[in-house]
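Single-structure report; data block below.
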Protein chains: 2
Amino acid sequence: MSMERELLLLGLLQQQDMHGYQLHEFIERYMQSCVDLKKSTAYYLLDKLAKEGLILSSEEREGNRPPRQVYKLTPAGQAHFLNLLRQNLATHLPARFPGDIGLAFADSLPLPEIHALLQTRRSALAEALAAAEQTPPHTGSLQLLIEHQIAHLQSELAWLDGVIDRLGHTKPG
Amino acid sequence: MSMERELLLLGLLQQQDMHGYQLHEFIERYMQSCVDLKKSTAYYLLDKLAKEGLILSSEEREGNRPPRQVYKLTPAGQAHFLNLLRQNLATHLPARFPGDIGLAFADSLPLPEIHALLQTRRSALAEALAAAEQTPPHTGSLQLLIEHQIAHLQSELAWLDGVIDRLGHTKPG
DNA sequence: TTCTGAATAGTCGGTATTGACTATTCGATT
DNA sequence: AATCGAATAGTCAATACCGACTATTCAGAA
């Protein structure tokens with residue numbers, strides 16, 4: 001498993017014991033800007049971490065609900081978490097831009113159509129930025145992620161505007 | 001397969017017939033900023049596109065070299081390519097920041113250590129920016145990708161400097 | 001000419017990831 | 001008290017993906 005996903009699960013469990021569903025909910029709600037982790041993948045990875053002895057699972061029932069597996073960090077897991085954390089903080093992990101692939105082939109379409117399509121993209125981007133700016137403030141480091149997202153989207157918007165602008169001045173042929 | 005990878009392969013074959021190895025070489029050399037596509041994955045996806053009738057493969061030998069599969073777009077593939085291209089250009093695909101996961105759990109380490117680790121990250125980031133700025137200019141839309149990468153890395157560097165700076169002023173406790 | 005290292009051109013077994021599905025419970029509504 | 005939709009808590013078969021490996025050719029050194 002990639003180190004980011006591993007760090008993510010261990011990190012959340014280090015803050016608080018949780019069961020799989022809860023873990024996935026939290027990630028979807030508050031961390032969608034850094035990872036996309038499907039529910040079934042989360043369960044798969046939790047199983048694997050348990051087999052590696054980094055976390056322990058125990059049954060628990062609440063009210064009439066069917067029993068569920070609650071996970072907690074082992075001492076080995078705690079140590080491993082700290083190592084991954086150090087490694088993550090010290091490394092620059094390049095972000096990928098899947099939207100650039102289209103740009104790379106844009107010459108296959110007539111200029112006015114490219115312009116119209118990029119205007120649509122611009123709107124979507126501006127909306128994402130507005131949504132990020134609307135996010136209510138969070139505590140501690142989650143706030144950091146929101147601010148990062150906003151700074152990034154602002155830079156993206158400025159860049160896209162530059163691209164759209166230059167599109168008009170392109171000499172045909 | 002994700003639409004980006006599909007668009008990428010069809011797009012390259014639309015510009016020029018190629019064989020698998022060549023395709024992968026090009027992607028590694030010139031498009032590492034938008035995708036990470038392993039060689040074996042490229043072959044797997046080419047097989048799949050062929051099965052879907054979007055590309056055709058034919059044997060070809062050059063000199064004494066063993067024969068190899070050369071791929072070309074079918075008319076269906078060309079049409080599909082244009083649709084994917086329109087969709088890609090019109091959509092904002094959010095980038096992910098795996099480096100943010102560490103930041104989210106930074107409070108697990110003492111402040112001076114976080115500071116030291118982030119300085120290391122900053123160096124790596126600055127180096128990546130310098131490398132991007134050193135890239136010799138390219139023709140057409142590939143130049144666009146390089147400029148995007150530079151703009152992005154500049155924004156990342158400014159943001160990281162802000163984070164490191166605020167770290168010093170944080171009141172402990 | 002024989003060896004060695006780099007470039008070319010892939011294949012294959014195993015791991016990671018996910019979409020689609022199951023099943024239970026709860027609260028509200030009829 | 002029966003029904004319906006949303007929330008909870010997962011499972012599983014199928015796909016996607018990749019690391020490590022194989023095999024050939026070529027250029028240059030010994």
Side-chain angles (χ1 to χ4, degrees), chain A residues 1-10 12-13 16-29 31-32 34-52 54-55 57-72 84 93 96 98 101, chain B residues 1-10 12-13 16-32 34-52 54-55 57-72 84 96 98 101:
Chain A
M1 99 187 72
S2 71
M3 90 103 132
E4 307 99 57
R5 284 153 129 79
E6 191 165 354
L7 175 60
L8 176 61
L9 293 176
L10 294 179
L12 290 177
L13 291 176
Q16 185 186 157
D17 297 354
M18 290 200 228
H19 52 95
Y21 190 80
Q22 204 175 351
L23 238 4
H24 176 251
E25 283 296 290
F26 187 90
I27 293 168
E28 282 237 310
R29 231 186 275 295
M31 306 191 71
Q32 83 284 36
C34 33
V35 273
D36 180 21
L37 182 65
K38 300 294 186 275
K39 198 148 48 88
S40 27
T41 310
Y43 284 110
Y44 167 74
L45 295 177
L46 286 170
D47 261 18
K48 224 177 71 114
L49 290 174
K51 272 176 201 151
E52 288 169 9
L54 301 175
I55 64 178
S57 74
S58 55
E59 282 213 344
E60 170 196 280
R61 27 198 167 346
E62 186 181 353
N64 269 353
R65 275 14 203 45
R68 58 195 178 187
Q69 296 301 315
V70 175
Y71 296 94
K72 59 153 56 79
L84 288 176
L93 299 160
R96 303 293 152 136
I101 297 176
Chain B
M1 100 186 70
S2 72
M3 89 104 134
E4 307 99 58
R5 284 153 128 83
E6 192 165 356
L7 175 60
L8 177 61
L9 293 177
L10 294 179
L12 291 176
L13 291 176
Q16 184 186 158
D17 298 353
M18 289 201 230
H19 53 95
Y21 189 80
Q22 205 175 350
L23 239 2
H24 177 250
E25 282 297 292
F26 187 91
I27 293 169
E28 282 236 311
R29 231 185 275 295
Y30 299 114
M31 307 190 71
Q32 84 285 34
C34 32
V35 273
D36 181 20
L37 181 65
K38 297 300 186 269
K39 198 147 46 89
S40 29
T41 309
Y43 283 110
Y44 167 73
L45 295 176
L46 285 169
D47 262 18
K48 224 178 72 112
L49 290 174
K51 271 174 202 151
E52 286 170 11
L54 300 175
I55 65 179
S57 74
S58 55
E59 283 214 340
E60 170 197 281
R61 25 192 169 352
E62 188 181 353
N64 267 354
R65 274 14 204 44
R68 57 194 179 190
Q69 296 301 316
V70 175
Y71 296 95
K72 58 153 57 74
L84 288 177
R96 303 295 154 137
I101 297 177

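Per the geometry, NE2 belonging to B:His24 stands 13 Å off P belonging to C:dG10, to the nearest Å. Taking atom OH of A:Tyr43 as the reference point, atom P of D:dT11 lies 7 Å away to the nearest angstrom. Atom CG of A:Asp47 is separated from atom C1' of C:dT15 by 14 Å (rounded to the nearest Å). Across the protein-nucleic acid pair, A:Met18 atom CE and D:dG10 atom P stand 14 Å apart, rounded to whole Å. The distance from atom CD of A:Glu25 to atom P of D:dA6 is 15 Å, rounded to the nearest whole Å. A:Glu28 places its CD atom 14 Å from the C1' atom of D:dA9, with the value rounded to the nearest Å. Rounding to whole angstrom units, CZ of residue B:Phe26 and P of C:dA9 are separated by 16 Å. The CZ atom of B:Arg68 sits 14 Å away from the P atom of C:dT11 (whole-angstrom rounding).
Across all strands, A:Gln69 comes closer than 4.0 Å only to sugar-phosphate atoms, never to a base (heavy-atom distances).
With A:Arg96 contributing its side chain and B:Cys34 its backbone, the two residues share no donor-acceptor pair below 3.5 Å.
Here B:Glu28 pairs with nothing under the salt bridge (Lys or Arg N to Asp or Glu O under 4.0 Å) rule; sequence neighbours left out.
For the pair A:Leu23 and A:Leu13, the minimum side-chain heavy-atom distance is below 4.5 Å.
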**Report entry** A:Leu49 and A:Glu6: CA distance, side-chain angles, deciding distance, side-chain contact (heavy atoms from CB on, under 4.5 Å) verdict
**Finding:** CA-CA 8 Å; A:Leu49 290 174; A:Glu6 191 165 354; 3.9 Å; yes
Query - Test side-chain contact (heavy atoms from CB on, under 4.5 Å) applied to A:Leu12 and A:Phe26, step by step - result: CA-CA 9 Å; A:Leu12 290 177; A:Phe26 187 90; 3.7 Å; yes
Report task. Treat primed atoms plus P, OP1 and OP2 as sugar-phosphate and everything else as base, then score nucleotides 15-20 of chain D 5' to 3': B for base contact with protein heavy atoms under 4.0 Å, S for sugar-phosphate contact only, - for none. Result -> SBSBB-
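Of the charged side-chain nitrogens involved, none lies within less than 4.0 Å of a carboxylate oxygen, so that B:Glu59 and B:Arg68 do not count as a salt-bridged pair.
A:Leu37 and A:His24 make their closest contact through O-CD2, 3.2 Å (heavy atoms, listed as atom of the first residue, atom of the second, distance).
Dense packing is recorded around OH of B:Tyr43, with more than 12 heavy atoms of other residues, nucleotides or ligands lying under 6.0 Å away.
Taking the screw axis at each terminus of the helix from C:dT1-D:dA30 to C:dT30-D:dA1 from five consecutive base pairs, the angle between the two is 0° to within rounding of 10 degrees.
Taking the six-membered ring where the residue is Trp, A:His19 and A:Tyr21 present parallel rings, their angle staying beneath 30° rather than reaching 60°.
Dashed line: the shortest gap from a side-chain N or O of A:Tyr21 to OP1 or OP2 of D:dT8 is under 4.0 Å.
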